[in-house]
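Since the model is a prediction, treat every value here as computed from it, not as a measurement. So you know, we letter chains A, B, ... as the sequences are listed, proteins then strands, and number each from 1.
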Amino acid sequence: MQEKYLPTEIEHAAQARWTASQTYRARDDSDRPKYYCLSMFPYPSGRLHMGHVRNYTIGDVLARYHAMRGFNVMQPMGWDAFGLPAENAAIANNVPPAAWTYANIDHMRTQLKALGFAIDWSRELATCKPDYYRWEQWLFTRLFEKGVIYKKMATVNWDPVDQTVLANEQVIDGRGWRSGALVEKRDIPMYFFRITQYADELLSGLDNLPGWPERVKTMQANWIGKSVGVRLAFKIPAAGVKATPHPSPLTPDDLLWVFTTRADTLMGVTFVAVAAEHPLATRAAESNPELAAFIAECKQGSVAEADMATMEKKGMDTGFKVTHPLTGESIPVWVGNYVLMSYGEGAVMAVPAHDERDFGFAQKYGLPIKQVIGVEGETFSLDAWQEWYADKARGCGVNSGKYDGLGYEAAVDAIAADLAALNLGEKKTQFRLRDWGISRQRYWGCPIPIVHCEVCGDVPVPAGQLPVVLPEDVVPDGSGNPLNKRADFVNCACPTCGKPARRETDTMDTFVESSWYYARYACPDFDGGMLDARADQWLPVDQYIGGIEHAILHLLYARFFHKLMRDEGLVSSDEPFVNLLTQGMVIADTYYRESADGKKTWFNPADVETRDGVAALKADGQPVVVGGTEKMAKSKNNGVDPQALIDQYGADTARLFTMFAAPPEQSLEWSDAGVEGAHRFLKRLWKLAFEHVQGGTVAAFAGGELPDAAKTLRRQLHQTIHKVGDDIERRKQFNTAIAAVMELMNALAKLEGDDVTTRSVRQEVLEAAVAMLAPIVPHIGEALYAELKPDAVMAWPTVDEAALVQEEIELMLQVNGKLRGQIRVAAAATREAVEAAALASEVAQKYLEGKPPKKVVVVPGRLVNIVV
RNA sequence: GCCGGGAUGGCGGAAUCGGUAGACGCAGCGGAUUCAAAAUCCGCCGCUGGUAACAGUGUGGGGGUUCGAGUCCCCCUCCCGGCACCA
């Protein structure tokens with residue numbers, strides 16, 4: 001055995017062995033129970049970052065642990081290969097996104113292999129390959145024919161200078177990131193998945209996911225946002241709408257519909273607010289230039305909800321009046337910049353007395369505020385908003401005529417019934433969740449398989465003509481979708497009538513690819529359809545691991561897609577992921593410089609050094625701005641490159657440190673400190689094994705009498721085996737598992753003696769410790785086990801219950817809840833005996849001063865608390 | 001703004017069901033080894049007072065429940081994630 005721990009040598013040897021013997025190939029024909037362990041696939045951004053290392057090490061630990069426990073493990077890997085960064089790179093470097101992406105994949109695959117993950121590389125897939133997206137297009141056409149996919153107008157960010165649609169991320173302070181132009185909202189036609197049709201099932205299905213973190217289920221439930229409310233109408237009187245020369249969708253017979261969850265406050269409505277795009281607003285603006293200007297202003301800015309919610313609430317009176325459905329009152333109609341046309345009805349009723357946003361709006365514009373809910377003992381004031389104004393639980397009706405005195409539910413029921421009788425409203429269940437718009441006006445994505453024919457309309461591409469292949473020799477220039485300029489792509493024949501037609505040039509949201517890749521891993525080579533029978537053999541995924549930032553969108557879309565595939569007969573399960581582990585962010589400092597036009601250039605932490613509290617770029621020594629600690633991301637260029645770590649210390653050290661630095665679910669602030677400590681531990685482990693092996697072979701302890709020190713060490717060993725198994729399997733907390741083995745190694749180093757019995761205990765401890773660490777540090781684990789026990793198959797150690805037995809235990813002694821001492825009692829001592837021993841102790845005597853105790857609390861195995 | 005989460009020594013973190021706060025590691029300090037250094041090994045290490053024994057104090061801030069609270073309840077502050085076109 002080598003005396004020195006040489007990570008590079010043993011890691012290369014181990015990886016070569018695994019590749020040669022296809023060690024991690026998942027068998028489709030095994031009779032062992034399956035364990036499908038899946039980590040979220042990476043976007044091929046160029047190089048791995050620490051977030052990837054963390055994510056895939058967690059998955060690898062679980063995969064290897066289960067393999068040791070006898071499961072037929074599948075751990076696949078692939079590439080979420082379509083997306084915006086490839087187009088940005090293309091613009092910056094004049095490289096086709098395809099070439100850039102494939103080069104990145106090659107590099108990152110090499111990096112993943114160097115980390116020694118137990119991945120079945122035979123199942124690798126890339127979503128930008130036609131043999132993958134072909135089936136996505138096929139499913140699209142099926143769903144289009146079923147009506148699950150439909151077309152409607154939707155609002156996007158429009159850059160008027162670059163003549164292109166912008167992602168929310170590309171809108172910075174209301175301006176285009178490249179052009180700096182003020183961004184406008186523009187309505188364009190898009191294809192939508194009818195996810196709202198599955199809203200109820202997506203919500204109730206959360207109850208069948210005990211293996212998911214509560215916080216993720218809560219976030220999804222809130223996102224779906226099921227609420228029972230009332231859809232009701234205000235009448236538009238004849239006098240309210242003037243005749244106009246050109247046709248308008250509005251007539252005096254029309255009704256202005258709104259949805260509200262607070263129908264109990266209907267008697268307090270003092271105005272109605274409509275979106276800038278609402279027909280009523282459009283009509284009013286025809287004869288009101290000031291209003292037209294305001295509407296134009298509303299159409300500026302980004303479409304992101306965070307922007308909509310934080311911007312200043314503005315409005316303007318349209319001059320129109322509508323009629324209150326119950327009171328017949330005349331209610332003014334305002335345009336509000338915070339009302340979204342694509343949300344519900346594009347109009348809201350405003351009750352300033354009981355809605356905080358309406359309250360602020362009414363105060364700003366001097367609109368009336370009418371209290372219609374009261375809480376006993378509270379006084380209503382127009383000056384300041386009080387929490388209780390919106391309290392459903394405590395309030396009941398006031399100033400509401402026949403509805404006075406009714407609580408929330410009774411009032412809603414009564415009002416809904418009266419509206420129904422007038423044919424002006426009904427109870428309705430509504431979801432916050434909106435249908436999923438998947439059209440992207442971008443090149444580097446999966447083409448939407450639709451042909452636009454002047455005669456036949458939107459025609460889905462027939463299965464036999466799929467895939468619609470994306471040309472890979474394109475270099476986008478940042479102004480619109482280059483596919484529009486590719487005649488060879490655009491021009492085609494209508495599949496139905498054969499006449500010349502135009503191919504759709506929009507591509508799909510990349511969330512579509514990531515919504516079903518987990519299923520394709522079961523049968524990546526199947527060319528006869530989307531999935532074959534192996535999908536049901538492997539699905540659902542037993543353990544899914546990924547970043548908490550995907551808690552809502554990706555995980556909701558994947559759940560939705562699974563149900564779509566189920567309803568197509570492709571899979572039989574209802575949910576794709578049984579257990580979910582949401583790893584925390586890997587965060588790191590950010591550094592940037594801002595140019596005169598407000599554009600920020602971000603610098604990698606590796607290129608920045610801090611001296612005397614001032615951060616400066618190593619390259620030019622000039623200062624950079626410290627931008628705070630944020631999740632490692634391409635956009636902020638604060639990813640830490642793990643390659644340097646691997647080169648210097650080896651993959652096992654990188655893996656060990658990542659697992660040791662923080663528990664998986666917490667965010668992990670990256671710092672170079674501590675890596676050294678992890679490496680030191682591996683060297684120490686190697687040395688302990690080396691020194692033991694030098695003494696010659698010995699079988700692990702198999703029974704018999706032991707001296708106290710060895711007996712205590714054995715007890716600690718078996719306590720550790722119990723803890724490590726529990727930490728990995730149930731708690732999924734690896735830092736404490738590693739700490740427990742470190743403690744065990746510290747204790748082993750202190751065990752003295754070279755007799756056969758002592759050495760047999762040492763052998764037992766080392767075998768078990770190496771096996772327990774092997775899922776985390778597999779290369780050194782395999783190397784050491786081969787030295788300790790040549791030619792043996794590494795097995796997960798089992799707990800020897802007999803080794804855990806203790807005759808005497810120590811209990812903490814508290815007086816009035818404060819720790820004052822300890823007592824030793826027999827492990828089997830009764831409660832009475834423990835109490836007596838406690839009271840007899842010197843400490844108790846001191847505090848009791850001869851008086852009897854008020855109370856004695858005995859917590860078995862833990863402590864005694866004497867109250868005096 | 002809305003939804004979800006977090007805050008514990010100089011630092012990363014532990015305390016799993018309300019029962020010894022600070023395991024394990026990093027940094028630091030002291031010692032051994034060495035011609036010397038690195039590496040390695042041993043010891044100390046929340047804060048305040050004390051030579052010490054020990055006492056007081058301490059888990060973001062304020063209040064509460066309990067024999068006992070880092071853990072449960074109420075209020076507040078700050079930080080992080082998501083907000084539908086970053087992935």
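Looking at heavy-atom distances under 4.0 Å, A:Val857 makes contact with a base. Within the nucleic acid shown, A:Glu305 comes within 4.0 Å of at least one base atom, counting heavy atoms only. Residue A:Val856 is out of contact with every strand shown, counting any heavy-atom pair closer than 4.0 Å. Nucleic acid contact class of A:Met190 (heavy atoms, under 4.0 Å, all strands): base.
We find that A:Asp391 and A:Arg394 are joined by a salt bridge, their nearest charged nitrogen and carboxylate oxygen being less than 4.0 Å apart. One finds a salt bridge joining A:Lys364 and A:Glu312 here, because a Lys/Arg side-chain nitrogen approaches an Asp/Glu carboxylate oxygen to under 4.0 Å. Ion pairing of A:Glu504 with A:Arg440 is absent here, as no side-chain N (NZ or NE/NH1/NH2) approaches a carboxylate O to less than 4.0 Å.
One can find a donor-acceptor pair under 3.5 Å joining the base of B:U16 and the side-chain atoms of A:Arg730. Contact annotation: side chain of A:Gln441 to base of B:C85, donor-acceptor pair present below 3.5 Å. In the interface, the side chain of A:Lys818 is not paired with the base of B:U20 through any donor and acceptor atom under 3.5 Å apart.
Within the structure, every side-chain polar atom (N or O) of A:Thr218 is placed at least 4.0 Å from both OP1 and OP2 of B:G4. Note on A:Arg820: every side-chain N or O is 4.0 Å or more away from OP1 and OP2 of B:C54. OP1 or OP2 of B:G82 has not a single side-chain nitrogen or oxygen of A:Gln220 nearer than 4.0 Å. Residue A:Gln666 has no polar side-chain atom (N or O) positioned under 4.0 Å from OP1 or OP2 of B:U8. Between A:Asn222 and B:G4, a side-chain N or O to OP1/OP2 separation shorter than 4.0 Å is present. Put simply, A:Asn168 has a side-chain N or O that comes within less than 4.0 Å of OP1 or OP2 on B:A84. In this structure, A:Arg731 reaches the B:A15 phosphate: one of its side-chain N or O atoms is under 4.0 Å from OP1 or OP2. Contact annotation: A:Asn735 side-chain N/O to B:C24 OP1/OP2 distance is not under 4.0 Å. Contact check, A:Arg432 against B:C2: no side-chain N or O comes under 4.0 Å of OP1 or OP2. Phosphate contact (OP1/OP2 of B:C17, side-chain N/O of A:Arg862, threshold under 4.0 Å): absent.
The separation of B:C47 from B:G9, taken at their C1' atoms, amounts to 9 Å, rounded to a whole angstrom. One C1' atom belongs to B:G10, the other to B:G5, and the distance between them is 27 Å to the nearest Å. Going from the P atom of B:A14 to that of B:U71 covers 16 Å, rounded to whole Å. Taking the C1' atoms as reference points, B:G70 lies 15 Å from B:G61, given to the whole Å. Comparing the P positions of B:G19 and B:C86 gives a spacing of 45 Å, expressed to the nearest Å. Here, B:A21 and B:G46 have their P atoms 14 Å apart, quoted to the whole Å. Nucleotides B:C45 and B:G28 place their C1' atoms 8 Å apart, quoted to the nearest Å. Comparing the P positions of B:A69 and B:U57 gives an interatomic distance of 13 Å, to the nearest angstrom.
Pair check for B:U71 finds none; no Watson-Crick or G-U wobble contact set falls under 3.5 Å. Figure legend. B:G30 is base-paired to B:C42; pairs are counted as Watson-Crick or G-U wobble with both atom distances under 3.5 Å. The nucleotide B:A55 finds its pairing partner in B:U48, both defining distances of the Watson-Crick or G-U wobble pair being shorter than 3.5 Å. With both pairing distances under 3.5 Å, B:U77 is matched to B:A7 as a Watson-Crick or G-U wobble pair. Pairing of B:C2, defined by two Watson-Crick or G-U wobble distances under 3.5 Å, is identified with B:G82.
Protein atom CD of A:Glu665 is 16 Å distant from nucleotide atom P of B:U16, rounded to whole Å. The distance between atom CZ of A:Arg440 and atom P of B:C85, rounded to the nearest whole Å, is 4 Å. Note: CD (A:Glu214) to C1' (B:G6) measures 18 Å, nearest angstrom. Per the geometry, CG belonging to A:Asp159 stands 14 Å off C1' belonging to B:C85, to the nearest Å. If you take CE of A:Met585 and P of B:G6, they are 13 Å apart, rounded to a whole angstrom. Residue A:Met659 contributes atom CE, which lies 14 Å from atom P of B:G13 at whole-angstrom precision. Put simply, CD1 on A:Ile548 is 12 Å from C1' on B:G6, counting in whole angstrom units. For A:Tyr43 and B:C86, the OH to P distance is 13 Å, given to the nearest whole Å.
The residue among A:Gly83 and A:Glu810 whose nearest nucleotide of RNA chain B lies closer to the 5′ end is A:Glu810. The 5' end of RNA chain B is approached more closely, in terms of each residue's nearest nucleotide, by A:Asn865 than by the other of A:Asn865 and A:Asp435.
Of the options A:Phe192, A:Tyr557, A:Phe511, a ring-ring contact (aromatic ring centres under 6.0 Å, His included) to A:Trp436 is made by A:Tyr557 and by none of the others.
Side-chain atoms of A:Asp80 and A:Ser514 include no donor-acceptor pair closer than 3.5 Å. Defined by atom type and a distance below 3.5 Å, a donor-acceptor pair is missing between the side-chain atoms of A:Asp159 and A:Thr164.
For A:His550, the listed nucleotide lying nearest its side chain is B:A87; candidates were B:A87, B:A55, B:G5. Listed candidates were B:U40, B:U16, B:A15. Nearest to the side chain of A:Gln733 is B:A15. In this structure, of B:C83, B:U40, B:C24, it is B:C24 that holds the atom nearest to the side chain of A:Ala739. Considering only the side chain of A:Ala309, B:G1 comes nearest among B:G25, B:G1, B:C86. In this structure, of B:G5, B:A84, B:A87, it is B:A84 that holds the atom nearest to the side chain of A:Arg434. Picking from B:A87, B:G13, B:C24 the nucleotide with the shortest atom distance to the side chain of A:Leu84 gives B:A87. With B:U40, B:A23, B:C83 as the candidates, the nucleotide lying closest to the side chain of A:Lys683 is B:U40. Candidate nucleotides B:G13, B:A14, B:C67 were compared by shortest atom distance to the side chain of A:Ala662, and B:G13 ranks first. Of the candidate nucleotides B:A55, B:U16, B:G1, B:U16 has the atom nearest to the side chain of A:Asp726. For A:Glu549, whose side chain is taken as the heavy atoms from C-beta onward, the closest listed nucleotide among B:A87, B:C85, B:C26 is B:A87.
Note: A:Phe660 and A:Phe734 fail the aromatic proximity criterion, with ring centroids not under 6.0 Å apart. For A:Phe561 and A:Phe193, the gap between ring centers is short of 6.0 Å. When ring centroids are compared, A:Trp686 and A:Phe681 stay outside the 6.0 Å threshold. Residues A:Trp79 and A:Phe41 keep their aromatic ring centres 6.0 Å or farther apart.
Base orientation of B:G9: syn (glycosidic angle within 90° of 0). Annotated as anti: B:C74, whose glycosidic dihedral deviates from 0 by more than 90°.
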